Number of protein chains: 2
Amino acid sequence: MRYPPGHKEERRRELLKASGALVKERGFAASGVDALTEAAGVTSGAFYSHFTSKNDLLKALVESELRASNERWAANPHETAEDWIGYELDRYLSMSHVRHPEAGCVLPALGAEIARADGEVKEAYARELAKGIDILTRRLGDKDRAWAFLCQMAGAILLARTMPDQKSQLALIESSKRFLQEAFNGRSEAASMKKASTAKRKSPAPRQ
Amino acid sequence: MRYPPGHKEERRRELLKASGALVKERGFAASGVDALTEAAGVTSGAFYSHFTSKNDLLKALVESELRASNERWAANPHETAEDWIGYELDRYLSMSHVRHPEAGCVLPALGAEIARADGEVKEAYARELAKGIDILTRRLGDKDRAWAFLCQMAGAILLARTMPDQKSQLALIESSKRFLQEAFNGRSEAASMKKASTAKRKSPAPRQ
DNA sequence: GTCTATACGCGGATAGAC
DNA sequence: GTCTATCCGCGTATAGAC
């Protein structure tokens with residue numbers, strides 16, 4: 001073979017990374033194969049030696065993106081439920097996440113397109129998402145709360161991105177942040193202590 | 001003129017209705033002008049006598065869909081906050097809404113595509129959404145809670161639609177329903193009284 | 001394994017007849 | 001105002017050279 005061993009796997013990972021970012025930014029249907037491969041520095045011909053079709057890419061993309069999200073949940077360094085939750089609220093419900101879908105969670109960016117995808121994509125999706133829900137369940141106590149937490153956060157980012165200006169976007173995510181803070185940590189005085197929430201905790205990573 | 005007066009306005013309404021359903025089902029980018037007009041019983045030529053471009057349709061569509069949603073919030077017959085909320089939870093967080101995006105709320109179906117739209121679309125969108133938030137604010141007490149309520153509901157429908165089977169879908173929306181029920185009506189015993197929530201209230205309309 | 005070239009259909013949008 | 005016919009670009013996917 002004319003290419004070093006491991007080259008194909010590495011290229012595939014590059015393709016997933018580059019096309020993942022582009023698809024989260026522009027949408028899957030709106031992203032052509034040419035643009036996706038160009039973002040990874042190859043041509044459309046090479047694409048079909050890694051994926052059998054564009055739909056096959058979607059499946060691989062959704063798996064890869066959810067794995068990355070699960071790793072982020074797992075990387076939260078806090079032990080107590082309150083600190084763990086607060087860290088995730090600051091990380092996920094941030095303006096950086098609103099403004100950079102290409103680096104963010106796949107759910108608010110591609111949820112509707114995953115919903116319209118075929119069974120193969122959705123089953124791969126469900127398998128990976130279940131692992132994320134397991135992590136959340138361990139931290140939040142039960143599965144009900146895990147799902148509700150995730151729905152609130154994904155919904156907040158989705159809706160924040162629809163708003164035309166940063167001020168509205170911030171107001172929206174802060175509403176959900178306060179709501180979850182109260183619901184999970186039972187602080188009815190959270191609204192009055194403004195910015196104090198981040199001060200006590202280790203700061204989250206800059207992106208997402 | 002060869003067509004009766006009011007014909008154009010009616011046709012435009014038909015176009016908005018038919019294309020609204022199709023776009024919520026398939027996505028905006030994935031819906032061609034031919035398919036959209038065919039659904040309304042006209043050809044693509046007629047389309048451009050009503051809308052200057054496909055983007056112009058999106059703007060009109062988002063306005064029209066949000067107005068319909070606002071009318072649904074306004075049509076809730078209940079007076080007390082608890083009953084009003086319970087009615088909306090049963091109406092919005094229903095399997096019928098999960099399985100029929102074409103007849104449902106525009107936010108979980110098109111949120112991500114609205115987020116990617118240009119300023120004109122987003123400003124029209126924000127104007128109508130603000131009216132819906134006003135209704136929710138009056139019912140729930142303050143704007144914070146209105147936003148949080150909406151984010152949770154839209155997020156729940158979005159994620160439920162990504163699930164591959166009805167059982168998972170139902171489990172997901174019921175999680176959000178119980179969570180909101182507790183958070184807004186303060187029933188920590190809600191989980192134990194299973195189906196009792198719908199029994200006392202007037203039932204919501206069959207669709208959405 | 002990746003490239004260039006290409007097949008072929010569907011995308012949005014316009015022109016001109018009625 | 002709506003139709004049919006059409007332009008042209010971009011979509012996915014494949015063939016064959018290297």
Side-chain angles (χ1 to χ4, degrees), chain A residues 1-20 22-62 110 112-114 116-118 120-121, chain B residues 1-20 22-62 110 112-114 116-118 120-121:
Chain A
M1 56 177 74
R2 295 166 52 219
Y3 293 87
H7 177 83
K8 186 169 185 178
E9 291 70 28
E10 196 183 336
R11 265 289 158 85
R12 189 187 151 100
R13 251 181 289 120
E14 280 170 30
L15 267 167
L16 284 175
K17 186 177 172 182
S19 60
L22 208 60
V23 160
K24 285 189 289 182
E25 187 184 337
R26 301 187 191 173
F28 181 71
S31 303
V33 173
D34 280 1
L36 294 175
T37 51
E38 193 181 355
V42 294
T43 60
S44 71
F47 178 88
Y48 291 94
S49 77
H50 291 278
F51 306 101
T52 65
S53 68
K54 205 190 168 196
N55 190 64
D56 185 39
L57 169 70
L58 179 59
K59 183 183 158 196
L61 215 51
V62 162
L110 298 185
E113 292 191 286
I114 294 168
R116 295 175 194 123
D118 66 20
E120 215 178 346
V121 171
Chain B
M1 57 178 76
R2 296 166 53 218
Y3 293 87
H7 176 84
K8 185 169 185 178
E9 290 70 27
E10 196 183 336
R11 265 291 157 83
R12 188 186 151 99
R13 252 180 287 122
E14 282 169 29
L15 266 168
L16 284 176
K17 186 177 171 181
S19 60
L22 209 60
V23 161
K24 286 188 288 181
E25 188 185 335
R26 302 188 190 172
F28 181 71
S31 303
V33 172
D34 280 1
L36 294 174
T37 50
E38 193 181 354
V42 295
T43 60
S44 71
F47 178 88
Y48 292 94
S49 79
H50 292 278
F51 307 101
T52 64
S53 67
K54 205 191 167 195
N55 190 65
D56 186 38
L57 169 70
L58 180 58
K59 183 183 157 195
L61 215 50
V62 161
L110 299 185
E113 292 191 285
I114 294 167
R116 294 174 193 123
D118 66 20
E120 215 179 345
V121 171

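Just the heavy atoms: all of them, side chains too, but no hydrogens, waters or symmetry mates, feed the values below. Throughout, a chain's letter reflects where its sequence line sits, starting with A, and its residues are numbered from 1. As the structure is a prediction and not an experimental result, all values here were calculated from the model.
- The two atoms that bring A/Lys24 and B/Arg116 nearest to each other are O-NH2, 3.5 Å, heavy atoms only.
- C/dT4 atom P lies 17 Å from atom CZ of A/Phe47, rounded to whole Å.
- With sequence neighbours excluded, the residues satisfying salt bridge (charged side-chain N to carboxylate O under 4.0 Å, His left out) with B/Lys59 are B/Glu120.
- Nearest approach of A/Leu57 to A/Phe28, heavy atoms of both residues: CD2-CE1, 4.5 Å.
- With sequence neighbours excluded, the residues forming a side-chain contact (heavy atoms from CB on, under 4.5 Å) with B/Arg12 are B/Leu16, B/His50, B/Phe51, B/Ala60, listed by chain and number.
- Nucleotide C/dG11 holds its C1' atom 14 Å from the CZ atom of B/Arg26, rounded to whole Å.
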Interface polar pairs with nucleotides 3-10 of chain D, N/O, under 3.5 angstrom:
{"unit_1": "D/dC3", "atom_1": "OP2", "unit_2": "B/Thr43", "atom_2": "N", "d": "2.8"}
{"unit_1": "D/dC3", "atom_1": "OP2", "unit_2": "B/Thr43", "atom_2": "OG1", "d": "2.8"}
{"unit_1": "D/dC3", "atom_1": "O5'", "unit_2": "B/Thr43", "atom_2": "OG1", "d": "3.4"}

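- Of the residues in residues 28-40 of chain A, not one places a heavy atom less than 4.0 Å from an atom of DNA chain C.
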Going by atom type alone, with no hydrogens or angles, which donor-acceptor pairs under 3.5 Å involve a side-chain atom of residues 35-48 of chain A and a protein atom two or more places apart or on another chain?
{"unit_1": "A/Thr37", "atom_1": "OG1", "unit_2": "A/Val33", "atom_2": "O", "d": "2.9"}
{"unit_1": "A/Thr37", "atom_1": "OG1", "unit_2": "A/Asp34", "atom_2": "O", "d": "3.0"}

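- Within residues 53-62 of chain A, the residues that have a heavy atom under 4.0 Å from DNA chain D are, in order of number, A/Ser53, A/Lys54.
- Not counting sequence neighbours, A/Arg26 has no partner by the salt bridge (charged side-chain N to carboxylate O under 4.0 Å, His left out) test.
- B/Glu14 meets the salt bridge (charged side-chain N to carboxylate O under 4.0 Å, His left out) test with B/Arg11; sequence neighbours excluded.
- The shortest non-hydrogen separation linking B/Leu22 to B/Ser31 is O-OG, 4.0 Å.
- When distances are taken from the side chain of A/Tyr48 to each of C/dT2, D/dA13, D/dT2, the shortest belongs to D/dA13.
- Residue B/Glu14 contributes atom CD, which lies 13 Å from atom C1' of D/dG1 at whole-angstrom precision.
- With sequence neighbours excluded, no residue forms a side-chain contact (heavy atoms from CB on, under 4.5 Å) with A/Ser49.
- Note: A/Leu15 CG to A/Lys8 NZ = 11.0 Å, rounded to the nearest 0.5 Å.
- Each end of the helix from C/dG1-D/dC18 to C/dC18-D/dG1 gets its own axis from five base pairs, and the two axes differ in direction by 0°, given to 10 degrees.
- Separating the CD atom of B/Glu10 from the P atom of D/dG1 is a distance of 14 Å, rounded to the nearest angstrom.
- Of the possible donor and acceptor atoms, none in the side chain of A/Asn55 sits under 3.5 Å from a partner among the backbone N and O of A/Leu58.
- A/Leu22 places its CG atom 11 Å from the P atom of D/dG11, with the value rounded to the nearest Å.
- With sequence neighbours excluded, no residue forms a side-chain hydrogen bond (donor to acceptor under 3.5 Å, both in side chains) with B/Asp56.
- At whole-Å resolution of the value, CG in A/Leu15 and C1' in C/dG1 are 12 Å apart.
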